[in-house]
Amino acid sequence: MSAPADVVTLPSPPRVTRRWSVRLADVPVVPATILLIIALVAIFANQLAPHDPEVGSLTARFKPPFWQSGGSAKYLLGTDQLGRDVLSRLIFGARVSMVVGIMAVIVAGVVGTALGILSGYLRGWVDQVIMRITDTWLALPALTFAIFLAAIVGPSMWNIVIILGITYWTRYARVIRGEVLSLREREFVHLAIVAGCSKWSIMARHILPNVINSAIVLGSLMLGVVIITEATLSFLGVGVPPPQPAWGLMLSDGKQGLMVGYWWLTVFPGCCIMLMVLSANLLGDWLRVKLDPQLRQL
């Protein structure tokens, strides 16, 4: 017997619309937009850059931005000491920062998450070995350790990716281990053990999906740290080698001209680093609030 028509209730479309509008309003639009623009610039750098970033003209050295006296529309943001277009170098520098930052975060995240799960779930001597190595790594100043490794292996973009991944994996291992220690005592893990699942199956199918949110949040927060470290290494001459454009290397090349009025050589790459790091940190804070159940209930 069918139910009366007046008993049937349908979901209210206005309520669904309001719920989604609140979610969209919570998104940090400005940081997300800045990161999206930087990512698009990095992807389409070859099409956007008006000049070759590694080749300049000595007759066009130290051209100021186009709005200043002596500037030219050919070089919108001026030129450096070798006559290279600053705008083109900034555009290709975004690609270097994005590639190094994202890849280093992925390397550190994969290594640190895997070791954190092994340490937290297996416990015993495995936990002791991994955590003592982690403690030793954390006792070393991250920047000094990265400079030491970069000086040994030599300057290269992919060497810097590996170095930064090796330097920052300990942050993931410590955080993930703490969560795994709590998860291994949960009922669904005990039920999996009773059902005969192996340790590797439990770690891969039950533990990993429950810690992936924390790894993503930590990765978003580490992106700014990694970019700052890469810029510092390039500034000190042990990062991305010249003439490849990198924002930290541009700061290093322009520091001598800052005191004689060539401000655009340092201000523009410094602003790019600041915007990218600040946007990554703000987006990471938003993800932390959205993906953390305890904070989401506040």
Side-chain angles (χ1 to χ4, degrees), residues 28-56 63 65-66 74-108 146 150 155-165 168 219-255 263-284:
V29 178
V30 175
T33 302
I34 292 176
L35 289 178
L36 178 61
I37 291 174
I38 294 176
L40 292 176
V41 167
I43 294 172
F44 299 104
N46 293 328
Q47 290 74 30
L48 296 175
H51 302 280
D52 190 327
E54 300 181 5
V55 178
K63 286 279 188 181
F66 73 95
K74 183 178 180 180
Y75 305 105
L76 294 178
L77 298 183
T79 59
D80 61 7
Q81 69 278 5
L82 297 179
R84 296 172 297 191
D85 181 43
V86 172
L87 176 60
S88 299
R89 292 182 64 78
L90 288 175
I91 291 174
F92 276 88
R95 174 179 292 181
V96 173
S97 294
M98 271 290 180
V99 170
V100 173
I102 293 176
M103 293 304 298
V105 166
I106 291 175
V107 171
S156 169
M157 186 176 73
W158 293 108
N159 285 348
I160 296 302
V161 169
I162 297 175
I163 289 170
L164 295 179
Y168 290 113
S220 63
L221 294 173
M222 288 298 301
L223 180 60
V225 177
V226 169
I227 292 171
I228 287 289
T229 306
E230 180 274 323
T232 303
L233 295 178
S234 298
F235 181 85
L236 296 175
V238 292
V240 178
Q244 192 171 1
W247 291 342
L249 188 59
M250 294 177 67
L251 286 174
S252 178
D253 292 340
K255 66 180 184 297
W263 57 269
W264 60 90
L265 299 180
T266 53
V267 170
F268 290 141
C271 288
C272 290
I273 296 173
M274 179 194 69
L275 287 174
M276 188 171 183
V277 173
L278 181 61
S279 300
N281 287 340
L282 291 175
L283 188 61

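Panel note: side chain Arg89, backbone Pro53; a donor-acceptor pair is recorded below 3.5 Å. One N or O on the side chain of Trp264 and one on the backbone of Thr79 form a donor-acceptor pair closer than 3.5 Å. Without hydrogens or angle criteria, Trp247 side chain to Gly270 main chain gives no donor-acceptor distance under 3.5 Å.
Between Val161 and Val100, the closest heavy-atom pair is CG2-CA, 3.9 Å. For Gly101 against Val226, the heavy-atom pair with the smallest separation is CA-CG1, 3.8 Å. When all heavy atoms are compared, the tightest approach of Leu265 to Gly254 is CB-CA, 3.7 Å. Smallest separation of non-hydrogen atoms from Gly78 and Asp85: O-OD1, 3.5 Å. Looking at every heavy atom in both residues, Val96 comes nearest to Pro245 through CG2-O, 3.1 Å. Ile163 and Ala146 make their closest contact through CG2-O, 3.8 Å (heavy atoms, listed as atom of the first residue, atom of the second, distance).
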Result block: side-chain N/O donor-acceptor pairs under 3.5 angstrom for residues 227-243, not counting sequence neighbours:
| residue | atom | partner | partner atom | Å |
| --- | --- | --- | --- | --- |
| Thr229 | OG1 | Tyr168 | OH | 2.7 |
| Thr229 | OG1 | Val225 | O | 2.8 |
| Glu230 | OE2 | Ser234 | OG | 3.0 |
| Thr232 | OG1 | Ile228 | O | 2.8 |
| Ser234 | OG | Glu230 | O | 3.1 |
| Ser234 | OG | Val240 | N | 3.2 |

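Residues Val107 and Ile162 have side chains not in contact (no heavy-atom distance under 4.5 Å, counting atoms from C-beta outward). Looking only at side-chain heavy atoms (C-beta outward), Val30 and Leu282 stay at 4.5 Å or farther from each other. The closest side-chain heavy-atom distance from Leu283 to Ser220 is not below 4.5 Å. Residues Met98 and Ile43 have side chains not in contact (no heavy-atom distance under 4.5 Å, counting atoms from C-beta outward).
The distance from atom OG1 of Thr33 to atom CD1 of Ile38, rounded to the nearest 0.5 Å, is 11.0 Å. Between the OG atom in Ser279 and the CG atom in Leu223 there is a gap of 10.0 Å [rounded to 0.5 Å]. Lys63 contributes atom NZ, which lies 15.0 Å from atom CG of Leu77 (distance to the nearest 0.5 angstrom). Separating the CZ atom in Arg84 from the CD atom in Glu54 is a distance of 8.5 Å, to the nearest 0.5 Å.
Screening residues 32-54 for ring pair (Phe, Tyr, Trp, His ring centres under 6.0 Å), with sequence neighbours left out, gives His51-Tyr75.
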field: Residue pair Met250, Val86: steps toward the side-chain contact (heavy atoms from CB on, under 4.5 Å) verdict
entry: CA-CA 9 Å; Met250 294 177 67; Val86 172; 4.0 Å; yes
message: Quick one, Trp158 with Met103, criterion side-chain contact (heavy atoms from CB on, under 4.5 Å). Give me CA distance, side-chain angles, the key distance, then yes/no.
response: CA-CA 9 Å; Trp158 293 108; Met103 293 304 298; 4.1 Å; yes
- request: Could you go through the side-chain contact (heavy atoms from CB on, under 4.5 Å) check for Asp253 and Asp80 one step at a time?
  value: CA-CA 8 Å; Asp253 292 340; Asp80 61 7; 5.7 Å; no
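In the displayed structure, Lys74 atom NZ is contacted under 6.0 Å by at most 12 heavy atoms of other residues, nucleotides or ligands.
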